[in-house]
Amino acid sequence: MKKDAVFIFSEEQLGYSFSDTHPFNQKRIVLTLDLLKNMHAIHDKDIVAPRIATDEELLLVHEPKFVEIVKQAGKGEVGPEVGSVYGIGTEDTPIFSNMHEASAMLVGGTLTAVDEVMQNRARYALNLGGGLHHGFQGKASGFCVYNDSSVAIRYLQKNYNASVLYIDTDAHHGDGVQWTFYDDPDVCTLSIHETGRYLFPGTGHVTERGNGKGYGTSFNFPIDAFTEDESFLSIYETAFREVAEWFKPDVILTQNGADAHYFDPLTHLYGTMEIYKEIPRLARELAEEYCEGRWIAVGGGGYDIWRVVPRAWSHIWYAMKQLPAPTGRLPEAWLNKWQSEAPVPLIETWEDPNPLYKPIPRKLEIEEKNAQVMDRSLHYIRSEQQPR
Ligand SMILES: [Zn+2]
């Protein structure tokens with residue numbers, strides 16, 4: 001029988017670990033899954049173990065030499081000079097033991113999610129271990145080695161002849177995925193992110209629209225630092241609806257980084273749990289409208305692993321299960337289990353404390369600027385009504 005949703009997980013996903021002090025920490029998947037279990041929202045039968053991606057699959061996107069170097073690095077055979085050419089052994093993306101196997105496991109998780117959906121075993125699939133959107137074809141970058149979304153998109157094209165709409169709501173620009181498909185008219189990438197003026201990776205301008213035959217299929221919405229829920233959601237909803245209507249995808253792949261929250265230590269956006277409640281609900285709705293439901297979601301950034309990510313990512317699962325969004329207090333058992341380990345007081349309710357921060361004097365100015373960014377980015381499909 002076809003399931004409504006599957007959750008891709010095994011302990012092996014936790015092997016993707018740079019160090020105990022690195023901000024990218026896969027413990028957030030364990031915290032999320034445990035929260036869902038304590039809510040009785042997930043059961044063992046919903047969980048599917050990921051497989052490891054084969055070399056052949058990685059090479060759909062990645063350059064052979066890069067894969068070779070990552071393999072050697074994981075065995076301690078690559079020095080800093082060679083490593084830095086390939087983006088590894090850097091401060092952001094240090095080398096760790098079995099780096100290749102751990103990275104290929106995250107890719108395999110997203111491929112497992114793809115197969116579950118495309119072979120009609122599940123309507124929706126969630127791989128929180130994926131979302132490594134900064135990985136380039138020949139280079140690692142920004143905590144990301146192999147790019148699971150890029151490989152999954154090529155895999156969807158090759159094995160299922162599917163056109164893919166990729167939606168990236170991580171606070172950082174989804175550069176790795178965008179550049180990989182910049183020339184490809186059958187893949188549409190949409191990224192909403194904090195402007196690259198002061199934030200890694202610096203790209204994601206409105207003017208990055210694709211190249212050659214792929215011109216028009218890359219959309220960027222760089223929003224201002226301190227952007228709040230209303231403005232974020234208005235751009236997200238308008239852009240997602242208009243681009244989906246224009247592109248008419250076969251499948252939707254969403255990258256659900258959870259680092260646009262006010263608490264996130266690496267970014268400067270002022271999102272609250274409200275955006276994380278709404279983001280997956282619209283994705284599900286539009287997947288139903290355009291793709292007969294086919295929706296795959298992956299994780300991504302999210303560096304307040306205690307107060308933000310478990311609640312934010314749980315909302316994706318609730319949307320997939322078509323359950324009402326949870327409200328009120330988090331389960332006592334979850335709070336009791338993790339509070340002693342958390343370096344900060346946990347938030348005890350599904351909603352954020354209100355108010356979460358002091359009012360921002362530049363609120364209106366930011367909203368207006370963001371609205372202009374949105375209109376500029378959508379201008380092409382609105383005015384020229386380019387047929388697909
Ligand atoms: Zn990010």
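We count ligands from 1, going down the list as the structure has it; atoms in each ligand are counted the same way.
The pair E332-R329 counts as a salt bridge, with a side-chain nitrogen and a carboxylate oxygen less than 4.0 angstrom apart.
In summary, no N, O or S atom of H193 is located under 2.8 Å from the Zn ion (ligand 1).
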- Message: Run R123 and E288 through salt bridge (Lys or Arg N to Asp or Glu O under 4.0 Å) and show every step you take.
- Response: CA-CA 10 Å; R123 198 160 187 83; E288 287 300 327; 2.8 Å; yes
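With hydrogens and angles ignored, the 3.5 Å screen pairs a side-chain donor or acceptor of N147 with a backbone N or O of G135.
Within H172, the N/O/S atom positioned nearest the Zn ion (ligand 1) carries the name ND1.
For Q137, the CD atom sits in a packed shell: over 12 heavy atoms of surrounding residues, nucleotides or ligands are nearer than 6.0 Å.
Geometry about the Zn ion (ligand 1) gives an angle of 100° between OD2 of D259 and OD1 of D170, rounded in steps of 10 degrees.
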